Amino acid sequence: MVYYFTSNVVDPPAQIYVGKDKFENEDLIQFGLDTDVWVRFLVLISPAPSRVHTTFIMPPFHADNLSSAHVYYRLQEGQTWDAIPPKILEDCAQLTKANSIEGNKKDNVTVIFTPWANLKKDGSMAVGQVGFKDQKKVKKIHIPQRENPIVNRLNKTRVEKFPDLRKEKDDYMREIRRQEQVNQRAKQKEEQRILKERRELAHQRDHAYDDLHTEEAVAASSNQDNDGFDYDEDFM
């Protein structure tokens with residue numbers, strides 16, 4: 001089972017989803033999309049910073065060193081990881097904190113997030129456990145405390161579903177391949193158009209004086225004919 005939440009702090013509303021348990025998290029890890037951001041609790045209790053960190057990467061969000069759910073944010077069309085609205089990040093972080101038994105009780109915690117594509121999973125890891133391919137792509141958000149208005153707003157939108165994650169992944173990859181083929185055909189068509197245009201311009205350049213030369217040849221031929229003409233015969 002997967003819990004889906006709708007964040008209406010942006011327009012159009014954003015989709016956030018959470019695995020019910022560590023076994024569901026395994027499927028989310030395996031069948032995530034390139035447009036997903038993974039979020040979890042990452043850190044220990046820490047001194048409150050002067051402001052909330054706004055540097056981020058596409059994540060799942062997760063609470064560091066504290067057990068928590070895996071929260072995913074699906075990027076909207078045309079959106080990049082470095083342009084995620086801060087309010088969306090805050091929604092994801094608050095949802096991550098609320099779904100951590102220990103983290104929910106603590107203040108001044110840190111949530112980490114990274115692109116789904118940066119997650120690393122091997123056979124030595126426990127169920128639901130992940131590592132990272134590139135630590136530089138793991139970012140943090142400081143959460144001073146639980147914000148009930150945010151958590152309550154999100155919980156009111158929660159919908160429980162039993163998605164076929166494998167099929168969703170296959171459909172996504174099929175659409176990616178289809179779009180790549182469309183783009184490739186469009187590229188080839190444009191290249192052919194440019195090549196044809198260049199050939200036509202080259203032909204025009206190479207034959208720009210063809211008509212002029214023809215006219216000169218006709219005039220020259222006419223003059224030669226006139227040179228042998230007996231003008232007196234016209235008046236006989």
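Predicted model, so just to flag it, every value in this text is computed and none were measured. These numbers come from the heavy atoms of this one structure, side chains and all, not from hydrogens, waters or symmetry mates.
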| said: Between Gln181 and Arg185, is there a side-chain heavy-atom distance shorter than 4.5 Å? | reply: yes

| field | Verify same cluster id: Tyr73, Val159 (apolar side-chain graph, 4.5 Å) | value | no

| query | Counting N and O atoms only, with roles assigned by atom type, does the side chain of Gln76 sit under 3.5 Å from a partner on the main chain of Pro12, one being a donor and the other an acceptor? | reply | yes

| field | Same apolar cluster (I L V M F W Y, side chains within < 4.5 Å links), Val2/Trp116 | value | yes

Check residues 85-94 and write down every donor-acceptor pair under 3.5 Å in which the side-chain atom is one partner and the other belongs to a residue at least two apart or another chain.
unit_1, atom_1, unit_2, atom_2, d
Asp91, OD1, Arg153, NH2, 2.9
Asp91, OD2, Ser7, OG, 2.5
Asp91, OD2, Arg153, NH1, 3.1
Asp91, OD2, Arg153, NH2, 3.4
Gln94, OE1, Glu147, N, 2.9
Gln94, NE2, Gln145, O, 3.1

| Quick one: are Phe132 and Leu119 in side-chain contact, heavy atoms under 4.5 Å? | yes

| field | Hphob cluster co-occupancy, Val71 + Val10, side-chain heavy atoms under 4.5 angstrom | value | yes

| message | So that I can tick it off, tell me whether Arg174 and Asp171 are bridged by a salt bridge, with the cut-off set at under 4.0 angstrom between side-chain N and carboxylate O. | response | yes

| task | Mind checking the CG-CG spacing from Leu75 to Asp36? Nearest 0.5 Å is all I need. | result | 7.5 Å

| request: Just jot down the ring-ring contact (aromatic ring centres under 6.0 Å, His included) partners of Tyr17, sequence neighbours excluded, or say none. | output: Tyr4, Tyr72

| remark: Between Thr6 and Thr157 the two heavy atoms that sit nearest each other are N-OG1, 2.9 Å

| field | Residues Arg193, Glu190: salt bridge by 4.0 Å N-O rule | value | yes

| said: Using every non-hydrogen atom in the two residues, find where Ala98 and Arg146 come nearest and quote the distance to one decimal. | reply: CB-NH1, 3.7 Å

| request: Give, for atom CG of Asn104 and atom OG1 of Thr96, the distance between the pair rounded to the nearest 0.5 Å. | output: 11.0 Å

| message | Using the rule given for side chain to side chain contact (heavy atoms under 4.5 Å, CB included), can you reason through Leu201 versus Gln204, listing the C-alpha separation, both sets of side-chain angles and the distance that settles it, and then say yes or no? | response | CA-CA 5 Å; Leu201 290 173; Gln204 292 174 7; 4.1 Å; yes

| Mind checking whether Leu165 and Lys169 have side chains closer than 4.5 Å, heavy atoms only? | no

| Between CZ on residue Arg199 and CD1 on residue Ile194, distance to nearest 0.5 Å | 13.0 Å

| task | Look at the side-chain heavy atoms of Ile, Leu, Val, Met, Phe, Trp and Tyr, link any pair under 4.5 Å apart, and say whether Val9 and Phe113 land in one connected group. | result | yes

| field | Verdict with reasoning, Phe5 to Asn155, per side chain to side chain contact (heavy atoms under 4.5 Å, CB included) | value | CA-CA 7 Å; Phe5 301 82; Asn155 281 334; 3.5 Å; yes

| request: Could you tell me the separation between the CD atom of Glu180 and the CG atom of Asn183, rounded to the nearest 0.5 Å? | output: 8.0 Å

| said: Run Gln179 and Glu175 through side chain to side chain contact (heavy atoms under 4.5 Å, CB included) and show every step you take. | reply: CA-CA 6 Å; Gln179 191 58 51; Glu175 176 59 22; 4.2 Å; yes

| task | Please answer whether the main-chain N or O of Lys97 pairs with a side-chain N or O of Lys106 as donor and acceptor at a distance below 3.5 Å. | result | no

